[in-house]
2 protein chains.
Amino acid sequence: MYVKLDAFACICQNHRMNIDNKMKTKRSSLTDIRINTWAKLLRVSQYLFANIEADLKSARLPPLSWYDVLLELKRVDPKGLRPFQLQENLLIAQYNLSRLIDKLVTAGYVRREICKQDGRGHSLKITESGLDLQKQMSPIYLQAIGDHFSVKLEDSEMQSLDDILIKLQNH
Amino acid sequence: MYVKLDAFACICQNHRMNIDNKMKTKRSSLTDIRINTWAKLLRVSQYLFANIEADLKSARLPPLSWYDVLLELKRVDPKGLRPFQLQENLLIAQYNLSRLIDKLVTAGYVRREICKQDGRGHSLKITESGLDLQKQMSPIYLQAIGDHFSVKLEDSEMQSLDDILIKLQNH
DNA sequence: TTTTTATGAATGCAATTGCATGTAAATATA
DNA sequence: TATATTTACATGCAATTGCATTCATAAAAA
């Protein structure tokens, strides 16, 4: 995530070229559009993500995943969250979250507290440094989203995209 | 990102909750929708990709990146392509493409040929085994796209998504 | 109450990725 | 023609990720 998630720019192109144009039916052209759009979805989202993360990097800020965790912990401050709760919200693999938390703790942005209700884990809480970092990253990140993403779509298109994405995330 | 491209599910949620509802202006609600949609775009595309790649994995097939390369080389068979041309089409980092090609050559799906016109590089060509593997992967991959992606949208929605993605990929 | 199963979290190991660098060849410049 | 710069590709090293496993604790079942 790549990333593994390198684009499939050629899929639509190759598929179009592999289809015998003389035998092109309505069904195959519909299939072509779908594959084409799928490849574009992957390529575009990756392209935008790379651009936005590059802005953070230029500003010498940590990756977006740090921002995510800090934002989540800030939201529930001072209560804190269990790692499995963060994992659910952020859709990050358990073993990666464990390591990510390690780094945030080492950097002083997060602290682990013993969980009295469940001896297996702990509560994660944001520190003062963490609040500062999140506040520092926020405008840069929001600006990057504006520059690379929002600026390209009309409000009606943004709403359409949102509606479509809701349909795509459902089962 | 894949990946690094773990979802930002909480961004929209957290932003919404951090906004003082009483002071919510039209501008801030528009900003909220944009950030919300951005986070959904990343999360949904990653979610779909993971599901589709899982289908390939279940079928004991190589990752999508192998398919990409094979498809591109099949398209231009028997002419072949230079690695930098593949890199442009697939939007993969040069150092990763180099290693990916290594693996495909070792596995017998691709072969490197000396490029007479340019001694710095070589031409990449698909082998018979490579053609077989591409043909084997194709229906599984297309089925997975159908199952996880196409089935969820009406044709008009697919067209809308395609139009929006075209706008997003432009500068 | 005891035993079995599930859950939460950390970690070893291997594979992959990100980055910078090096080398050879091609191209541009003087 | 000679020199400088750019390009194509491979690779060393460090960091990250994927996977399976392990251990401690909680919950469920007997």
Side-chain angles (χ1 to χ4, degrees), chain A residues 1-7 46 49-51 53-54 56-58 60-66 68-69 80-107 110-125, chain B residues 1-7 46-47 49-54 56-58 60-66 68-69 80-107 110-125:
Chain A
M1 241 57 121
Y2 59 162
V3 159
K4 89 184 51 268
L5 209 58
D6 273 316
Q46 191 142 4
F49 174 83
N51 287 340
E53 190 143 67
L56 282 182
K57 191 167 288 185
S58 297
R60 303 264 190 273
L61 291 170
L64 289 182
S65 54
W66 288 39
D68 273 354
V69 172
L81 282 176
R82 297 285 300 274
F84 74 87
Q85 289 172 316
L86 258 184
Q87 182 191 335
E88 285 167 5
N89 292 346
L90 303 185
L91 295 183
I92 183 174
Q94 180 267 315
Y95 48 83
N96 285 331
L97 180 63
S98 186
R99 291 167 172 144
L100 179 54
I101 298 301
D102 272 350
K103 281 187 282 190
L104 287 160
V105 168
T106 299
V110 168
R111 68 175 186 274
R112 285 183 169 105
E113 291 187 0
I114 289 176
C115 177
K116 295 193 176 64
Q117 293 79 25
D118 189 342
R120 291 172 296 183
H122 31 254
S123 283
L124 303 168
K125 298 195 175 175
Chain B
M1 301 60 358
Y2 201 126
V3 160
K4 87 182 52 263
L5 209 59
D6 272 314
Q46 190 140 8
Y47 167 77
F49 175 82
N51 287 340
I52 288 172
E53 190 143 66
L56 282 181
K57 192 166 287 185
S58 296
R60 303 265 190 269
L61 292 170
L64 288 183
S65 54
W66 289 39
D68 273 353
V69 172
L81 283 176
R82 297 286 299 275
F84 75 86
Q85 290 172 314
L86 259 183
Q87 182 190 336
E88 286 167 2
N89 292 346
L90 303 185
L91 296 183
I92 184 172
Q94 180 267 315
Y95 48 83
N96 285 331
L97 180 63
S98 187
R99 291 166 172 145
L100 180 53
I101 297 300
D102 272 349
K103 282 187 282 192
L104 287 161
V105 168
T106 299
V110 169
R111 67 176 187 275
R112 286 184 170 104
E113 291 188 359
I114 290 174
C115 178
K116 296 192 177 61
Q117 293 82 23
D118 188 344
R120 290 172 299 181
H122 30 255
S123 282
L124 303 169
K125 297 192 176 177

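Note on naming: letters A, B, ... go to the chains in the order of the sequence lines (proteins, then strands), and numbering restarts at 1 for each one.
In the interface, the side chain of A:Q94 is paired with the base of C:dA10 through a donor and an acceptor atom under 3.5 Å apart. Judged by atom type and distance alone, B:R120 does not reach the base of C:dG22 through any side-chain donor-acceptor pair under 3.5 Å.
Taking atom CZ on A:F49 and atom C1' on C:dT17, their separation rounds to 13 Å, with Å as the unit. Summarising the geometry, the separation between CG on A:L104 and P on C:dA9 is reported as 15 Å, rounded to the nearest angstrom. As rounded to whole Å, 15 Å separates atom C1' of D:dC9 from atom CD1 of B:I114. Rounding to whole angstrom units, CD1 of residue A:I92 and P of D:dT16 are separated by 12 Å. Atom C1' of nucleotide D:dA15 and atom OH of B:Y95 are separated by 12 Å, given to the nearest angstrom. Here the P atom of nucleotide D:dG18 and the CG atom of A:L100 are 13 Å apart, to the nearest Å. Atom CD in B:Q117 sits roughly 10 Å away from atom P in C:dA26 (whole-Å rounding). The CD atom of A:E53 sits 12 Å away from the C1' atom of C:dG18 (whole-angstrom rounding).
Listed by chain and residue number, B:D118 satisfy the salt bridge (Lys or Arg N to Asp or Glu O under 4.0 Å) test with B:R120 (two or more places apart in sequence, or in another chain). With sequence neighbours excluded, no residue forms a salt bridge (Lys or Arg N to Asp or Glu O under 4.0 Å) with A:R99.
A:T106 places a side-chain N or O within donor-acceptor distance of the main-chain N or O of A:D102, the cut-off being under 3.5 Å.
Among the atoms of the strands shown, only primed sugar atoms or phosphate atoms (P, OP1, OP2) are found under 4.0 Å from some heavy atom of A:R82.
For D:dC19, the OP1/OP2 oxygens have a side-chain nitrogen or oxygen of B:K57 closer than 4.0 Å. Proximity of A:R112 to the phosphate of C:dA10: a side-chain N or O atom is located under 4.0 Å from OP1 or OP2. OP1 or OP2 of C:dA10 sits under 4.0 Å from a side-chain N or O of A:H122. The phosphate of D:dA15 (OP1 or OP2) has no side-chain N or O of A:K103 nearer than 4.0 angstrom. Within the structure, a side-chain polar atom (N or O) of A:N96 is placed less than 4.0 Å from OP1 or OP2 of D:dG18.
In this structure, of D:dT11, C:dA10, D:dT25, it is D:dT11 that holds the atom nearest to the side chain of B:R99.
Looking at A:P83 and A:L124, their side chains come closer than 4.5 Å, going by heavy atoms from C-beta outward. Looking at heavy atoms from C-beta onward, B:L86 lies in side-chain contact with B:I101 at the 4.5 angstrom threshold.
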